[in-house]
Structure formats: structure tokens, C-alpha cells
Number of protein chains: 2
Amino acid sequence: MATIYDVASLARVSPATVSRVFNGMPVSEEKASAVRAAAATLNFTPNRTARSLRKQNSEVIALVIPDIENPFFTSLARGVEDRAQAEGYSVVLCNTDDDTSKEATYLEIAISENMAGVILAPASDHSDLTSVLSRGRPIVAVDRSAGYDIDGVMVDNRPAGQAAASALFKAGYKRVACITGPQGIDTADERTMGWRQVAIRQGGYVPELYLRNANHRVDGGRAAMADLLSMEVPPDAVVATNNLMGVGALQVLSEAGLTAPAVGVAVIGALPFSALDPATITIVEIPARNLGITAAKMLIERINGDTQPPRTIVLRNEISVASA
Amino acid sequence: MATIYDVASLARVSPATVSRVFNGMPVSEEKASAVRAAAATLNFTPNRTARSLRKQNSEVIALVIPDIENPFFTSLARGVEDRAQAEGYSVVLCNTDDDTSKEATYLEIAISENMAGVILAPASDHSDLTSVLSRGRPIVAVDRSAGYDIDGVMVDNRPAGQAAASALFKAGYKRVACITGPQGIDTADERTMGWRQVAIRQGGYVPELYLRNANHRVDGGRAAMADLLSMEVPPDAVVATNNLMGVGALQVLSEAGLTAPAVGVAVIGALPFSALDPATITIVEIPARNLGITAAKMLIERINGDTQPPRTIVLRNEISVASA
DNA sequence: GCATTCAATGAAATCGATTACAGTAATGTT
DNA sequence: AACATTACTGTAATCGATTTCATTGAATGC
């Protein structure tokens with residue numbers, strides 16, 4: 001592994017000059033080309049560890065998400081990555097598994113590796129961000145709020161819940177249930193609230209009886225749906241507040257021989273790999289990729305020295321209603 | 001940000017002693033506890049950049065994959081991560097987008113960040129691994145082979161192709177098509193070969209006419225399936241050699257009003273979010289998670305000094321045949 | 001009681017870059 | 001001609017840890 005000293009001695013200049021060439025500082029063309037030639041023959045690339053130790057930062061952004069197997073988050077990740085790449089940053093992905101202690105570990109790593117900043121989809125509303133904040137590293141919350149006064153990029157969750165529920169009532173369903181995530185995640189709570197408002201206004205049944213909290217994954221959706229189906233008076237439609245629970249619900253319904261329009265289904269979040277005819281269910285599209293792009297953009301502004309007070313950007317959802 | 005020197009002076013010992021305490025070297029209990037107390041009050045964590053510069057390695061594994069939005073790779077990533085966590089390593093995920101130059105960049109980063117090793121699902125068969133190999137860093141190829149004599153973890157691809165095709169013929173279908181990936185990816189080529197062998201032995205049609213190369217994503221599968229359906233004598237069944245192309249094919253079929261058993265479908269690779277009744281399609285399960293676990297295990301053995309000649313481990317698939 | 005070991009400790013070198021500072025040569029000013 | 005300015009360039013300090021080497025003091029052997 002060639003170092004800057006090897007290059008320097010081959011090019012008959014000082015290490016400082018080599019460094020300058022690689023950092024765009026003024027160097028005579030004569031020496032610069034000697035350095036470039038020497039670097040090429042030695043196959044030299046600057047050691048990022050040394051550089052980041054000295055400069056106290058690196059061109060790497062940490063993206064910390066709760067579930068790497070959820071297409072919503074991978075799509076978000078894709079957005080972050082595309083934007084970051086364009087600005088010369090690399091992205092490393094850290095999976096917390098909804099576990100605040102894993103989350104804390106990754107944040108600690110991000111700091112002590114001098115990473116340029118953090119984009120975080122918090123595992124819960126009691127994430128511990130003190131380590132990041134006390135070091136003054138930029139951080140942006142995405143999808144969920146973190147309970148600190150920091151930058152954030154969210155979607156308008158309550159309207160999403162309202163839209164999903166309204167679409168089903170409008171299609172003629174009478175008892176619209178709701179499968180939502182764990183309490184304490186504001187995204188889930190808000191979407192539920194949206195569903196509840198519409199359901200109450202609609203009347204004709206007791207919404208609370210048809211509300212289920214589940215984990216945010218397929219198995220959670222399955223369990224909740226199975227539970228709903230076993231009711232004495234089961235719902236005739238259901239809103240799932242995230243994509244994976246929606247998949248679980250759809251699976252259980254299809255296994256029970258229930259498909260649209262016998263039972264109405266609305267899902268908040270895209271189902272990219274559902275292989276379903278999109279006309280049969282209502283989808284409230286969450287702009288996952290765009291969340292990522294926007295968060296990356298904000299973070300990079302902060303990295304570049306933007307010091308205005310923390311902002312929260314709220315993105316709009318798109319709704320595509322079942323046509324059947 | 002507290003350093004080892006701050007801790008040292010607070011605990012009235014030398015920096016060397018602080019380092020020893022944190023690295024399990026012999027230190028008198030008296031001083032050790034003083035150091036621990038000082039570290040706690042200063043909220044000290046060792047700076048990983050400095051450590052890794054000095055030790056010339058870090059406890060981070062790079063996982064380089066072609067498509068982070070493909071559930072197959074995220075499931076694989078999950079396996080890597082679980083194993084790595086258990087051994088005290090962190091995993092950073094790098095997405096190459098099937099682009100060999102992005103791949104090269106990430107490998108370069110992995111090296112110059114002194115990462116402990118690399119797990120690579122190669123973007124193609126002409127990936128450039130010289131930088132990693134010349135530095136002697138451990139590397140394991142996973143899912144696809146890289147054209148170098150290095151460790152690898154694969155699945156038995158040809159039997160997978162055979163199993164998928166056989167299941168469809170056995171169910172009575174006559175013209176079984178195949179939607180496969182780009183040429184030059186051995187995984188795809190082998191699966192295709194398996195399909196071809198069975199199709200030729202079966203006879204009664206010209207398999208080559210029913211073979212389509214597509215990209216490995218949903219849109220590729222859609223395009224190929226649409227093309228197959230437009231044939232004068234369309235196939236009555238299709239094998240998709242990866243999960244996303246399978247999803248694309250299923251979408252097109254369902255939009256055309258064709259579902260099992262009118263058209264038979266077999267997919268190589270799980271469809272975790274399909275929301276389909278699993279009884280209607282044949283799935284050859286690729287043990288994605290297990291690929292990840294195994295690769296991580298091999299890599300960590302190498303990191304720990306294992307020097308036996310390169311090995312390739314081949315994992316078995318499981319087939320679940322459509323019951324309808 | 002003296003020599004020998006041994007464990008614990010600290011001072012200083014080290015990893016590979018960046019950068020403050022000082023020095024030098026060339027050019028411009030008056 | 002003396003001086004100021006500009007524009008490179010090199011020396012050495014620095015980032016924050018680890019590790020070699022020398023030193024100290026205590027324990028052990030005879």
C-alpha cells in the first residue's frame with residue numbers, strides 16, 4: 001500500500017506537495033504532473049482513515065433504519081444514496097431492527113468514525129441522540145420524528161389515514177377496520193387518527209372495536225387480520241397503516257378465499273412486489289424515495305454549514321384508489 | 001469529545017495504561033478502576049478512526065450488493081448482519097446498481113478505510129478485484145462467482161432450474177418458457193441451463209424460442225412476459241430465474257386475466273411480499289439468509305487467520321410445488 | 001542478603017494523511 | 001536598487017489511538 005511519502009520521494013517533492021495536488025491547492029504544473037505520474041505508477045490512493053483522522057470528518061453518511069427487509073426503507077435508502085452519490089458522498093446502511101440499543105451503537109460508531117452526518121429513521125420515540133447532538137454532528141430524522149428539535153422529513157400521515165378510510169367508505173363498505181403499528185411511533189399513531197376521524201364521522205359502528213396494534217411486519221399484519229376475521233361481526237374492509245402489514249392482511253384474506261370486492265383493502269405505502277392487480281386495492285403511495293432524496297439534500301446543506309433553525313419538511317402522498 | 005489523554009490525566013495514569021484497560025491487557029485493578037471511573041465521567045469512547053489507523057484494520061465488514069431493493073439481497077444482508085453482530089463486527093452495505101465502476105469505488109473505499117473484509121455479490125463476471133486482492137484483504141463471493149480463485153458461497157443453480165421446469169412439465173404444461181437474467185451472470189446462465197436440459201428431454205417444442213433475457217428487475221420480467229404473450233403460439237407456463245422477474249411476469253399475467261392453472265408459473269427465489277396464495281405457484285426457495293450467514297462465517301474465519309486454499313460452499317435449495 | 005524474574009507502567013514512536021508556519025525565488029513598485 | 005508582494009514549497013506539528021522499549025519495584029530462588 002503506497003503512502004504519500006512513497007509518492008513524494010518518487011516524484012522528488014515533499015509529502016505536503018503531494019497532498020496539495022490531491023486536494024486542489026495551488027502547485028506548479030511541473031511538480032503536479034510529476035506527482036500524478038508517480039501516483040499512477042504506484043497505484044496510490046489516499047488512505048481515508050488517516051485523512052479522516054486529521055480532517056475530523058469523512059465523506060460518508062450514515063443511514064440508520066429499523067428494517068432493511070422492508071421495501072419502504074430500501075426505497076428510501078435508494079433515494080438517499082442517489083442524492084449522496086451525486087454530491088460525492090458514500091452511504092453506509094445500518095439496520096437497527098427496531099432496537100434502541102443497536103441504534104445507539106450505530107450512532108456511536110457513526111460519531112467515532114467521524115462520519116459527516118446521520119439520517120435516522122428512529123426506532124422509537126425515545127431514541128437517544130445525545131451523543132450525536134453533543135458532538136454537533138448534523139442529523140436529519142426521516143419518516144418518524146425523534147422527539148428532539150432537529151431537522152426532519154415526514155409525510156402527511158393523518159391525511160393518509162383519512163384518504164385510505166374515505167376511499168373504502170366511498171366504495172360502500174360499512175365496517176372499516178384498521179391494522180396499525182405499535183403505539184409510540186408517531187407515524188402509526190397519526191395514520192390511525194386519520195382513520196378514526198373518518199370512521200367516527202361515518203358512524204354506524206364502533207371503530208375502536210376494529211382497531212388492532214401489530215408489529216410493523218408481515219407476521220404482525222397476518223395475526224391482526226386473522227384476529228379481525230374471527231370476530232363475531234367481522235369487518236368488511238380494512239386499512240393497513242404500512243405496506244408489510246398490508247401484505248400480511250392480504251395473505252390471510254386470500255388464504256381465506258376473500259378477495260376484493262368481497263372485502264375492501266386499503267394500504268398506506270406501496271406494495272412493489274405484490275404481483276397483484278393494482279386495480280383491486282387502494283394504495284396511498286408514500287413517496288419513499290423522495291423522502292430519502294429530501295433528507296439527503298437537507299443533511300448535505302447542514303454539512304456544508306447551513307445553520308438556520310431546524311426545519312421539518314412534509315411531503316405529500318398520492319392516492320390511487322381501487323377501481324374495482 | 002474526550003480523548004484517551006483526558007481520561008489519562010483525570011485518572012492520573014499514562015495514556016498507554018488507558019489503552020491497555022480498554023484492550024484487556026494486564027493492568028492493576030487499582031488503576032484499572034480509576035480509568036474506568038474517569039472514562040465514565042468523561043463519557044469516553046475510543047475514536048475508531050485513530051484506532052483503525054494505528055491497528056491497520058477495523059471491525060467493519062463491507063457487504064457489496066448489486067440491488068438493495070431486491071428482497072433476495074436484503075435477506076442475504078440480514079444473514080450477514082446477524083452473524084457479524086454475533087462476532088462483534090458491524091456491517092456496512094454498499095449498493096452497486098450492477099455497475100462495475102460503482103463497485104470498484106466501493107471496494108476502493110473498503111480497502112482505504114481498513115475494513116476487515118469484503119463480502120461481494122459481483123455485478124458481473126468482469127469485476128475488478130485486484131485492489132482488494134493485492135492488499136491481501138479477505139473477500140468472499142456470494143451468490144455469483146467472480147472469476148477469481150477466491151472463497152465463495154453459492155447455491156446449486158442448475159438443479160434449481162431443473163426443478164422449476166420439471167415441476168411445470170409434471171403438472172401437465174407443454175410449452176414451458178424461461179425468463180432469465182442478462183448473459184454473463186453465471187447464476188442466471190446455470191439456471192437457464194437447468195431449464196433447457198429438462199425442456200429438451202421433454203421435447204414437443206423448441207425451447208430456444210421461449211427463452212428471454214431480461215434485466216433482473218420487475219420491469220425486465222414484465223417486458224419479457226409481455227413479449228412471450230404476444231407470440232403466435234404463446235407458452236402455457238413460464239420459469240422466472242429470479243424473484244423480481246417473477247413478480248413482473250405475474251403482474252403481466254394477472255393484468256391479462258391469466259392466472260393459475262390457466263398458465264403455470266415457477267419462480268426461483270422467494271416472493272416474500274407477493275400477497276399471493278402460495279399454493280398457486282411453484283417456488284424454488286433460495287436460502288438467501290443462509291447464504292449471508294455462511295459467507296459471514298467464512299469471511300470471519302479468514303479475518304481470524306484461516307489460510308487454507310479458497311473454498312466454495314454450495315447450499316441446497318428447497319422446492320415448494322404449486323398444489324393447484 | 002544478593003541475584004534473578006516478572007508484572008506493571010510510562011515515555012516516545014508510530015500509523016498516513018493534512019496544514020500552520022517559515023522560507024525562497026520570482027515578479028512588481030517606486 | 002531597495003523593498004513589497006506573490007506564489008510555491010518544505011519542515012514539522014497534529015489528529016487519537018496502539019505498541020515497542022526501557023524502567024521500576026516487588027517477588028522469588030538459592
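Every heavy atom of this structure was used, including side-chain atoms; hydrogens, water molecules and symmetry mates were not. If you're wondering where the values come from, they're calculated on a predicted model, not measured in any experiment. Just so it is clear: chains get the letters A, B, ... in the order the sequence lines come, proteins before strands, and each one is counted from 1.
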For the backbone of [Y] and the side chain of [X], can you confirm whether one donor and one acceptor N or O come within less than 3.5 Å of each other?
{"X": "B/Asp143", "Y": "B/Ala121", "answer": "no"}
{"X": "B/Asn23", "Y": "B/Met25", "answer": "no"}
{"X": "A/Asp67", "Y": "A/Asp97", "answer": "no"}
{"X": "B/Asn95", "Y": "B/Ile68", "answer": "yes"}
{"X": "A/Arg302", "Y": "A/Gln308", "answer": "yes"}
{"X": "A/Asp186", "Y": "A/Ser145", "answer": "yes"}

(message) Are A/Phe22 and A/Phe44, when compared by the centres of their aromatic rings, separated by less than 6.0 Å?
(response) yes
(request) With a 4.0 Å heavy-atom cut-off, tell me which residues in residues 35-43 of chain A come close to DNA chain D, sorted by residue number. (result) none
(message) Ignoring hydrogens and geometry beyond distance, is a side-chain donor-acceptor pair present between B/Asn114 and A/Thr49 at under 3.5 Å?
(response) yes
(request) For the residue pair B/Ser127 and B/Glu103, confirm or rule out a side-chain donor-acceptor distance under 3.5 Å. (result) yes
Close N or O pairs between protein and nucleotides 23-26 of chain D (under 3.5 Å):
none

(message) When the axes are fitted on five pairs at both termini, how much does the helix from C/dG1-D/dC30 to C/dT30-D/dA1 curve, in 10° steps?
(response) 40°
(request) Taking atom CD of A/Gln56 as the centre, report whether more than 12 heavy atoms of other residues, nucleotides or ligands fall under 6.0 Å from it. (result) yes
(message) Rounded to whole Å, please give me the gap between CE in B/Met25 and P in C/dA8.
(response) 11 Å
N/O to N/O distances under 3.5 Å, protein versus nucleotides 9-16 of chain D:
unit_1, atom_1, unit_2, atom_2, d
D/dT9, OP1, A/Ser28, OG, 2.6
D/dT9, OP2, A/Ser28, N, 2.8
D/dT9, OP2, A/Ser28, OG, 3.4
D/dG10, OP2, A/Ser14, N, 3.0
D/dG10, OP2, A/Ser14, OG, 3.1
D/dG10, OP2, A/Thr17, OG1, 2.6
D/dG10, N7, A/Arg20, NH1, 3.2
D/dG10, O6, A/Arg20, NH2, 2.5
D/dT14, O2, A/Arg54, NH1, 2.8
D/dC15, O3', A/Gln56, NE2, 2.9
D/dG16, OP1, A/Gln56, NE2, 3.3
D/dG16, N2, B/Ala50, O, 3.3

For residues 86-93 of chain B, which side-chain donor-acceptor pairs fall under 3.5 Å, sequence neighbours excluded?
unit_1, atom_1, unit_2, atom_2, d
B/Glu87, OE2, B/Arg83, NH2, 3.2

Contacts table for residues 9-17 of chain A: side-chain donor-acceptor under 3.5 angstrom, sequence neighbours left out:
unit_1, atom_1, unit_2, atom_2, d
A/Ser9, OG, A/Asp6, O, 3.2
A/Ser14, OG, A/Ala16, N, 3.4
A/Ser14, OG, A/Thr17, N, 3.3
A/Ser14, OG, A/Thr17, OG1, 3.3

